[in-house]
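It should be emphasised that the depicted structure is a prediction, and the values quoted were computed from it without experimental measurement. Sequential numbering from 1 along the given sequence is applied to the chain's residues.
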Amino acid sequence: CRVRCDEERVSLAEFASEHMQSEEAHLEAISAVVETQAERSVMPAETFGWWLGFLSVAARGARGMYVTTHAVESFVEEHYSDQISQLEQELASGQLEQIKAYEELVQLLRAACADEVQHKEDGER
C-alpha cells in the first residue's frame with residue numbers, strides 16, 4: 001500500500017468511512033421517497049459502481065484518493081444540480097402532481113448535493 005505512515009493511513013480510513021456512510025445514507029433516503037422507475041435518475045448509484053472505483057483508488061494511496069474524490073464529487077454535484085433544476089422546472093410549470101412530495105424531494109436532493117460539495121472540498125486536501 002502506498003499510504004506510508006500510520007497517521008496518514010488512519011486519516012484516509014476515516015475519510016473513506018465517513019464518505020461511504022454518507023453515500024449509503026443518501027441512497028437510503030432517496031430510495032425511501034423515489035418509488036417508481038420514472039422518478040429515478042438515468043444513472044442510479046448502484047449501477048455507477050462507485051464502491052469499486054472507491055476501493056481501487058484507495059489502494060493507490062491518499063493523494064490519489066483525494067484527487068479522485070474531488071473529481072467524482074464534482075460530477076455528482078453537477079448531476080444533483082441537473083436533477084434539482086429539472087424538478088424545479090416541472091414544479092413551476094405544473095407538470096407534476098403531488099407537489100408537496102416533489103418539493104420535499106427537491107429539499108432532500110439539495111441537502112445531498114450540499115454533502116457532495118463538502119466531500120468535493122474534503123478531496124482538496
Side-chain angles (χ1 to χ4, degrees):
C1 183
R2 293 181 181 206
V3 180
R4 292 182 175 86
C5 69
D6 289 340
E7 183 179 311
E8 189 175 344
R9 191 173 292 114
V10 168
S11 178
L12 182 58
E14 289 172 355
F15 175 86
S17 178
E18 290 169 8
H19 286 247
M20 287 177 63
Q21 289 173 8
S22 178
E23 300 304 334
E24 288 169 355
H26 293 166
L27 183 58
E28 183 178 326
I30 291 172
S31 294
V33 297
V34 177
E35 298 173 353
T36 69
Q37 186 62 37
E39 294 172 323
R40 292 192 178 123
S41 167
V42 295
M43 193 174 73
E46 59 267 10
T47 62
F48 187 66
W50 66 267
W51 57 271
L52 179 59
F54 184 85
L55 294 174
S56 67
V57 171
R60 294 188 178 147
R63 185 70 189 133
M65 182 65 190
Y66 297 131
V67 168
T68 301
T69 297
H70 185 272
V72 169
E73 299 299 7
S74 295
F75 167 79
V76 173
E77 176 186 10
E78 182 179 330
H79 182 67
Y80 270 125
S81 295
D82 290 345
Q83 297 296 311
I84 292 165
S85 293
Q86 180 67 35
L87 284 169
E88 288 176 335
Q89 289 174 7
E90 291 175 8
L91 281 164
S93 69
Q95 293 176 3
L96 300 173
E97 297 177 14
Q98 302 177 359
I99 292 171
K100 184 170 175 40
Y102 280 103
E103 289 172 341
E104 290 173 3
L105 176 59
V106 168
Q107 292 304 314
L108 174 63
L109 293 174
R110 283 188 182 136
C113 187
D115 288 346
E116 303 302 345
V117 169
Q118 182 61 53
H119 297 169
K120 178 179 76 171
E121 292 169 358
D122 290 346
E124 292 176 341
R125 294 180 183 194

Open item on the list: Tell me whether Tyr102 shares a hydrophobic cluster with Leu108, the cluster being built from Ile, Leu, Val, Met, Phe, Trp, Tyr side chains joined at under 4.5 Å.
Closed with: yes

Open item on the list: Could you see if Met20 belongs to whatever hydrophobic cluster contains Val117? Use Ile, Leu, Val, Met, Phe, Trp, Tyr and a side-chain cutoff under 4.5 Å.
Closed with: no

Open item on the list: List the residues meeting ring pair (Phe, Tyr, Trp, His ring centres under 6.0 Å) with His26, not counting sequence neighbours, and say none if there are none.
Closed with: none

Non-neighbouring partners of [X] that pass side chain to side chain donor-acceptor pair (under 3.5 Å), sequence neighbours left out:
{"X": "Glu121", "answer": "none"}
{"X": "Glu97", "answer": "none"}
{"X": "Glu28", "answer": "none"}
{"X": "Glu18", "answer": "none"}

- [ ] Among His79, Glu73, Glu78, His19, find the residue that satisfies the side-chain contact (heavy atoms from CB on, under 4.5 Å) test when tested with Glu116.
- [x] Glu73

Say you draw a straight line from [atom1] of [X] to [atom2] of [Y]; how long is it, rounded to the nearest 0.5 Å?
{"X": "Gln89", "Y": "Leu96", "atom1": "CD", "atom2": "CG", "value": "11.0 Å"}
{"X": "Tyr80", "Y": "Asp115", "atom1": "OH", "atom2": "CG", "value": "8.0 Å"}
{"X": "Asp82", "Y": "Cys113", "atom1": "CG", "atom2": "SG", "value": "10.0 Å"}
{"X": "Asp122", "Y": "Tyr66", "atom1": "CG", "atom2": "OH", "value": "9.0 Å"}

Task: Whether Ser93 side chain and Glu90 backbone form a donor-acceptor pair below 3.5 Å - done: yes

Task: Test item: Ser31 side-chain N/O and Leu27 main-chain N/O as donor-acceptor pair under 3.5 Å - done: yes

Open item on the list: Could you check whether any side-chain heavy atom of Leu12 comes within less than 4.5 Å of a side-chain heavy atom of Phe15, counting everything from C-beta outward?
Closed with: yes

- [ ] Just jot down the side chain to side chain contact (heavy atoms under 4.5 Å, CB included) partners of Val106, sequence neighbours excluded, or say none.
- [x] Ile84, Leu87, Glu88, Leu91, Arg110

Task: Residue pair Thr69 / His119: nearest heavy atoms and the distance that separates them - done: CG2-O, 3.8 Å

TODO: Would you name the heavy atoms of His70 and Lys120 that are closest together and state the gap between them?
DONE: CD2-O, 3.1 Å

Open item on the list: Any salt bridge linking Glu104 with Lys100? Criterion: basic side-chain nitrogen under 4.0 Å from a carboxylate oxygen.
Closed with: yes

